[in-house]
Each structure stands twice: as C-alpha cells, then as structure tokens.
Amino acid sequence: MTDPKKWNEVDRLIRRWVKEKAIPGAVVDISLGTDVRWSQAYGSYSDGTAECRITERTMFDVASLTKITVTLPVILALGEQGRLRLDDPAQAYITGFRHPNVTLRHLLMHTSGLSPELPYAKRTERRDVIPLVLKQELVAEPGEQAVYSDLGMILLGEVAAVVSGQSLESCARRYVFDPLGMADSTFNPRPELRGRIAATEPLDDGTGYVHGVVHDEKSYHLGGVSGSAGLFTTADDLRKYARAWLDPDGGGLLSRETIDGCFRNPYQGRALGWELWHGQERSPACGASWPHGSFGHTGFTGTSLWIDPFHELIVVFLTNAVHFGRSPIMRELRPVLHTTVYTSLIEDK
C-alpha cells in the first residue's frame, strides 16, 4: 500500500458526489502494478422498500462493459482456436445478415457501418431483436467511419454461439470467468443474489426499481444475455480481468500476441473492442492526463474500466448512476475521477 494521503483526493471526490446526489453510491477499485491496491465502497441505493448499503461485494449491472469483458475475449479465444477469423465476413456465420463486406473485425472496432441502436422499445413490449438487427441498413460504408454500435456486438454474441455450439453465457464461463476466478460474474443472477445487487433505474409504473435483472432493454428482450449488455459483476472480478490484459503470460485469458494485436491499427479511437486514447480531438473517459495508449470502456448504468498499460494502472469505477434517472452526468464525472487518480498516483510519485 502506498502513502494513504495519496488516496485522500479520490476519497473526498466520491464522497462529495454521493453527498451532492450526483450518484447514489459507488465502488472504486484502483491498482498500480501487483503491489498497490485501494478499494472503497460508498453510498447506498433503494430496493423499493429500504435503503441498502453498497459494499465492496456489491454486484453491479455493468451494461456495455459486457462488450469488452465477455464478447471481445470470447471472440478472440475462438479465433485463437482457429474456429473463426476476424477478417471473415460476418455473413459467413450469421444466416440472414445482408452486408457481405462487413467483417468480424469491423464489428469489434465499431466500423461496420451499422447504426448505433434500434428504435427504443419499453421493457414491457415484446420484440424479436435479432431479426430487427438483421433488417438494418448500413449508415456508412464498412471501415470508413467509427460509429459505436450495440448492434454489432449483439451480432458478435450470436457469432460466438454459432461457432462454439454453446450459449454466450456458457462461453463466458468457459473462456473468461472460470480461468480468471471471476466467481461473482454472471448473466441473469440467481434470485438469492438480489440482496447483493445494486438496483438500477426506477420502473415506469413507479412501483420500484429494475433490480436483479438487466437494465438494457435489448438485452432484456434477448432473455438477459447479449453481446452488448447483461453482465453482472463486482469490482474485484473486473480487476482480475484487467490484470489478465496486463499480464497475458500469467493471466490465463489470451496470448500476448492476441492482446498486442488488439491495439494495432486503431481507427478513430477504436481498437478491437476497447476505446483507445491516442490523442484524438476529444479525450475519452480517462481524461487527457492519461498517456496515449491507455484503453478502457464505459457502461450506460454508470460503470467504467480504464487501464494504463505503461504504469500498470487499473481503475474500476462501478456505480448505478441511472438510479437517479438517465442523466448524462457520468460523461462529466468519469474524466474528473481518472484525472484525480492519475495526478495523485503517477504525477506525484
């Protein structure tokens, strides 16, 4: 453990955000190499009947962190086994996909030309998501523009299931959770885990909160499991996952060659799966202070995971910010947090 004073600014920052009701609470887990780690829980949430304290064991719906914690490593693992190739057309694996020039690599890098989203539909509505995705026209030519798309990641989840002959959930457990000891990571959490899960958004009818089931509507309509969202996990499990990207030789996840290949030839801030900071006009959630080459991802519920590979700095920030509604405030808060962490731990060393 480093000098406790170095954590004071981070601690004060999160406590202020909770006090000001910018967020209901959070778990922050920060590690620097293998020796320095600081983890702290803050605040509480309502389960509809009582206030529940957030602890370091609290499980969060991490929303789009599913993309890089499940879908990306599963696709890459299947690639290592020779069961797919990233430059193959998606059409080779997905019956009914109508765009022959879109490859798996395009889908991973958000350069497929697919639109970001489907038209909004409430959780209470019924819809067949995959047929709707397959009907979508491209909004750009493949490879010409980075357009962040849930739809591409949903399709990659389908690819994983087709190639492996198993569900995406089974693939996640086989290739990611079990090898890394991520015992608290799951889709569709068992009912007995509900007491450990941070509730997300208020229900439309005002009777309580979305709690213990996925927040994202598309994933909900897909049964709680998709390549885009649906993962519930803890800060500790995400730290384990991030370490595997920094230490591929001992990480038990992917080979060093595969991991290094993810960051070659980024396009408009997009590597394979990850968002990459390399000096683009608008800095990502890590803020401009982090070194170019840092990578990470965010989730709509308020979550984020960012990694500085040069200092082996990992910042896991889990919050259920949507508990207070769908405000864009996290776009402002995340860079402030990461800048504070970097200033405290790296620049002051």
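None of these values were measured; they are calculated from a predicted model. Heavy atoms only: backbone and side chains are in, while hydrogens, waters and symmetry mates are out. Positions are given from 1 along the sequence.
- Within a 6.0 Å radius of CG in Asp128, no more than 12 heavy atoms belonging to other residues, nucleotides or ligands are found.
- For Glu56 (side chain) and Val27 (main-chain N/O), no donor-acceptor pair under 3.5 Å exists by modelled atom type.
- Of the inter-residue distances, the one linking Ile68 atom CD1 with Leu238 atom CG reads 7.5 Å to the nearest 0.5 angstrom.
- Counting heavy atoms of neighbouring residues, nucleotides and ligands inside a 6.0 Å radius, atom CZ of Arg53 does not exceed 12 of them.
- Salt-bridge check for Asp216 with Arg123: failed, with every basic side-chain N at 4.0 Å or more from each acidic carboxylate O.
- You'll find the side chain of Glu275 stays beyond 4.5 Å of the side chain of Phe295, heavy atoms only.
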The test is side-chain contact (heavy atoms from CB on, under 4.5 Å); show your working for Leu222 and Val214 and say whether it passes.
CA-CA 10 Å; Leu222 284 164; Val214 65; over 6 Å; no

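- The two atoms that bring Pro291 and Ser294 nearest to each other are O-OG, 2.8 Å, heavy atoms only.
- For Trp274 and Trp245, the distance between ring centers is under 6.0 angstrom.
- Proximity of a side-chain donor or acceptor of Gln280 to a complementary backbone N or O of Leu276 within less than 3.5 Å is detected.
- Defined by atom type and a distance below 3.5 Å, a donor-acceptor pair is missing between the side-chain atoms of Ser304 and Thr298.
- Looking at every heavy atom in both residues, Ala63 comes nearest to Phe300 through CB-N, 3.5 Å.
- Minimum heavy-atom separation, Phe317 to Met330: CE2-CE, 3.5 Å.
- Atom-to-atom distance recorded for Ser115:OG and Gln136:CD is 4.5 Å, nearest 0.5 angstrom.
- Listed by chain and number, the residues in a side-chain contact (heavy atoms from CB on, under 4.5 Å) with Lys135 amount to none (sequence neighbours excluded).
- In the displayed structure, Glu192 atom CD is contacted under 6.0 Å by more than 12 heavy atoms of other residues, nucleotides or ligands.
- Counting non-hydrogen atoms of other residues, nucleotides and ligands closer than 6.0 Å to CZ of Arg326 gives a total above 12.
- With hydrogens and angles disregarded, a donor-acceptor distance shorter than 3.5 Å links the side chain of His323 to the backbone of Thr200.
- Atoms OG and CD, from Ser112 and Glu141 in turn, are 11.5 Å apart once rounded to the nearest 0.5 Å.
- With Thr319 contributing its side chain and Ala26 its backbone, the two residues share no donor-acceptor pair below 3.5 Å.
- A donor atom on one side chain and an acceptor atom on the other are found under 3.5 Å apart for Ser64 and Tyr148.
- For the residue pair Leu168 and Gly157, the shortest heavy atom distance occurs at CD2-CA, 4.1 Å.
- Counting only residues at least two apart or in different chains, salt bridge (Lys or Arg N to Asp or Glu O under 4.0 Å) contacts with residues 304-313 comprise Arg243-Glu312.
- Taken from CG in Leu118 to NE2 in His221, the straight-line distance is 10.5 Å, to the nearest 0.5 Å.
- Here the two rings, on Trp290 and His338, have centers that are under 6.0 Å apart.
- A centroid separation of 6.0 Å or more is found between the aromatic rings of Phe60 and Phe232.
- Residues Thr343 and Thr340 have side chains that never bring a donor and an acceptor to within less than 3.5 angstrom of each other.
- Leu72 and Val316 fall within the same hydrophobic cluster, where Ile, Leu, Val, Met, Phe, Trp and Tyr residues are linked whenever their side-chain heavy atoms come under 4.5 Å apart, directly or through other members.
- With respect to the salt-bridge test (charged N to carboxylate O, under 4.0 angstrom), the residues Arg15 and Asp11 qualify.
- Using a 3.5 Å distance cut-off with no hydrogens or angles, the side chains of Glu9 and Ser344 do not pair a donor with an acceptor.
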May I have the step-by-step check of side-chain contact (heavy atoms from CB on, under 4.5 Å) for Leu155 and Leu134, ending in yes or no?
CA-CA 9 Å; Leu155 290 178; Leu134 294 177; 4.0 Å; yes

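- Side chain of Ser149 to backbone of His110: no donor-acceptor contact under 3.5 angstrom is found.
- With salt bridges taken as basic N to acidic carboxylate O contacts below 4.0 Å, one links Arg196 and Asp184.
- Within the 3.5 Å criterion, the main-chain N or O of Ile197 finds a donor-acceptor partner in the side chain of Tyr45.
- No donor-acceptor distance shorter than 3.5 angstrom exists from the side chain of Thr186 to the backbone of Pro189, with no hydrogens or angles considered.
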Step-by-step side-chain contact (heavy atoms from CB on, under 4.5 Å) determination, Tyr42 to Ile54:
CA-CA 6 Å; Tyr42 303 85; Ile54 291 176; over 6 Å; no

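- Side-chain contact check for Thr111 and Glu144: no donor-acceptor pair (N or O, by modelled atom type) lies under 3.5 Å.
- Remark: side-chain polar atoms of Ser185 are not paired, donor with acceptor, to backbone N or O of Phe177 under 3.5 angstrom.
- The backbone N or O of Lys67 sits nowhere less than 3.5 Å from a side-chain atom of His297 that would complete a donor-acceptor pair.
- For Gln81 and Arg83, the side-chain atoms include at least one donor-acceptor pair closer than 3.5 Å.
- Using modelled atom types, no side-chain atom of Thr258 and backbone atom of Leu254 make a donor-acceptor pair closer than 3.5 Å.
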With side-chain contact (heavy atoms from CB on, under 4.5 Å) as the criterion, how do Asp88 and Tyr93 come out once you've worked through the C-alpha distance, each side chain's angles and the decisive distance to 0.1 Å?
CA-CA 9 Å; Asp88 284 345; Tyr93 304 97; 2.5 Å; yes

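- If you chain together hydrophobic residues whose side chains sit under 4.5 Å apart, Leu13 and Leu313 fall into the same group.
- In the hydrophobic cluster analysis, where Ile, Leu, Val, Met, Phe, Trp and Tyr join through side-chain heavy atoms closer than 4.5 angstrom, Ile75 is grouped together with Met182.
- At a threshold of 4.0 Å, the pair Asp87-Arg85 does not count as salt-bridged, since none of the basic side-chain nitrogens sits closer than that to a carboxylate oxygen.
- Atom OH of Tyr220 is surrounded by 12 or fewer heavy atoms from other residues, nucleotides or ligands within 6.0 Å.
- Between the side chains of Thr49 and Asp47, at least one donor N or O sits under 3.5 Å from an acceptor N or O.
- Annotation: Trp38 is in aromatic contact with Trp7 [ring centroid separation under 6.0 Å].
- Neither Phe97 nor Val139 shares a network with the other; the hydrophobic side chains, linked directly or stepwise wherever heavy atoms of I, L, V, M, F, W or Y lie under 4.5 Å apart, form separate groups for each.
- Salt-bridge annotation for Glu217 and Lys122: absent, with no side-chain N of the basic residue lying under 4.0 Å from a carboxylate O of the acidic one.
- To the nearest 0.5 Å, the span separating CZ on Arg239 from CG on Asp236 amounts to 4.5 Å.
- Salt-bridge check for Arg264 with Asp260: failed, with every basic side-chain N at 4.0 Å or more from each acidic carboxylate O.
- Atoms CG and CG, from Leu253 and Leu76 in turn, are 8.5 Å apart once rounded to the nearest 0.5 Å.
- Here the closest heavy-atom approach between residue Gly252 and residue Pro179 is recorded as O-CB, 3.4 Å.
- The residues Arg127 and Glu125 are annotated as not salt-bridged, no charged nitrogen and carboxylate oxygen being separated by less than 4.0 angstrom.
- With hydrophobic clusters built from ILVMFWY side chains whose heavy atoms lie under 4.5 angstrom apart, Leu65 shares a cluster with Phe187.
- Closest approach of Asn320 to Gly25, counting heavy atoms only: OD1-O, 4.1 Å.
- Between Glu169 and Arg173 there is no salt bridge, since none of the side-chain N atoms of the basic residue sits less than 4.0 Å from a carboxylate O of the acidic one.
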